[in-house]
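Beneath this line is the structure, given in structure tokens, with notes to follow.
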Amino acid sequence: MTQRSNPIRRACRDCGARRRRGATLIDVAVGSMLLAVLLIPSVHMMGKSKSSNHRLTIRDALVFEADQLLENVKISLADDASFDAAVRLPTDRSAAMTISDVPHAMSRVRVSADPSVAPTPLLTLVVDVWQDADRDGNLDSGEPVETLRTQWASP
């Protein structure tokens with residue numbers, strides 16, 4: 001007995017042989033172009049994100065140190081004698097600071113009497129903390145800086 005081949009089965013086998021199992025060169029080229037168009041801006045944004053994150057880390061460290069310095073000045077002025085001395089003689093001190101996240105950090109503390117409230121002595125406290133990039137000890141434009149200002153009344 002001979003087997004006859006079924007024409008429908010043969011047609012399905014031929015369809016399977018013609019079915020594509022991979023991608024053509026044009027599909028690969030178009031996919032590569034789309035990937036490049038999407039990937040290049042994202043790489044650029046990753047670089048900008050890293051730069052922004054670095055600036056934010058520096059700013060956060062500067063604000064923290066300025067706040068600590070301001071609180072230390074307030075504590076030192078809590079004594080009546082030191083407060084009265086600060087009212088009579090204004091101070092302006094600059095000093096180098098050691099901050100792990102900010103190399104070459106500097107600080108400046110200014111304490112002066114505020115004459116706007118005549119009967120009661122009032123001090124104005126200004127704290128600047130900056131990254132001294134050129135290491136000259138002066139605050140220059142372009143250097144990251146944080147400034148805190150407050151007023152302190154007699155204890």
Residues that, via side-chain heavy atoms closer than 4.5 angstrom, fall in one hydrophobic cluster with L39: V43
CD-CG distance between E143 and N138, expressed to the nearest 0.5 angstrom: 8.5 Å
Check: S76 main-chain N/O paired with S82 side-chain donor or acceptor under 3.5 Å: yes
Student check: side-chain heavy atoms of S154 and F83 closer than 4.5 Å: yes
From OG (S52) to CE (M45), nearest 0.5 Å: 8.0 Å
Minimum heavy-atom distance between M106 and A96, given as atom pair plus value: SD-CA, 3.6 Å
Step-by-step side-chain contact (heavy atoms from CB on, under 4.5 Å) determination, D114 to L123: CA-CA 5 Å; D114 186 1; L123 292 176; over 6 Å; no
Interatomic distance, S107 atom OG to L139 atom CG [nearest 0.5 angstrom]: 11.5 Å
Single-linkage hydrophobic cluster, 4.5 Å side-chain cutoff, W152 and V109 together: yes
Pairs where residues 65-90 contributes a residue and the test salt bridge (Lys or Arg N to Asp or Glu O under 4.0 Å) is met, not counting sequence neighbours: E71-K74
Cluster check V129, I58: I/L/V/M/F/W/Y, side chain < 4.5 angstrom: yes
V73: which of V126, V111, T91 passes side-chain contact (heavy atoms from CB on, under 4.5 Å): V111
Co-membership, hydrophobic cluster, residues L62 and M97, 4.5 Å side-chain: yes
D60 side chain to T57 side chain, donor-acceptor N/O pair below 3.5 angstrom: no
Under the salt bridge (charged side-chain N to carboxylate O under 4.0 Å, His left out) test, residues paired with R110 that sit two or more places apart: D128
Beyond-backbone contact of R93 with R108, side-chain heavy atoms, under 4.5 angstrom: no
Counterpart residues, side-chain contact (heavy atoms from CB on, under 4.5 Å), relative to K50 (two or more places apart): none
Verdict with reasoning, T124 to R149, per side-chain contact (heavy atoms from CB on, under 4.5 Å): CA-CA 7 Å; T124 300; R149 181 180 187 272; 3.6 Å; yes
OG on S32 to CG on L25, rounded to 0.5 Å: 9.0 Å
Counterpart residues, salt bridge (charged side-chain N to carboxylate O under 4.0 Å, His left out), relative to D132 (two or more places apart): none
Minimum heavy-atom distance between A61 and D101, given as atom pair plus value: CB-CB, 4.2 Å
Candidate pair T147 and V127, rule side-chain contact (heavy atoms from CB on, under 4.5 Å), full reasoning: CA-CA 6 Å; T147 302; V127 174; over 6 Å; no
From L125 atom CG to T150 atom OG1, the distance as rounded to the nearest 0.5 Å: 6.0 Å
Separation between CG of L148 and CD of Q68, rounded to the nearest 0.5 Å: 11.0 Å
Residues in salt bridge (charged side-chain N to carboxylate O under 4.0 Å, His left out) contact with R55, at least two apart in sequence or another chain: none
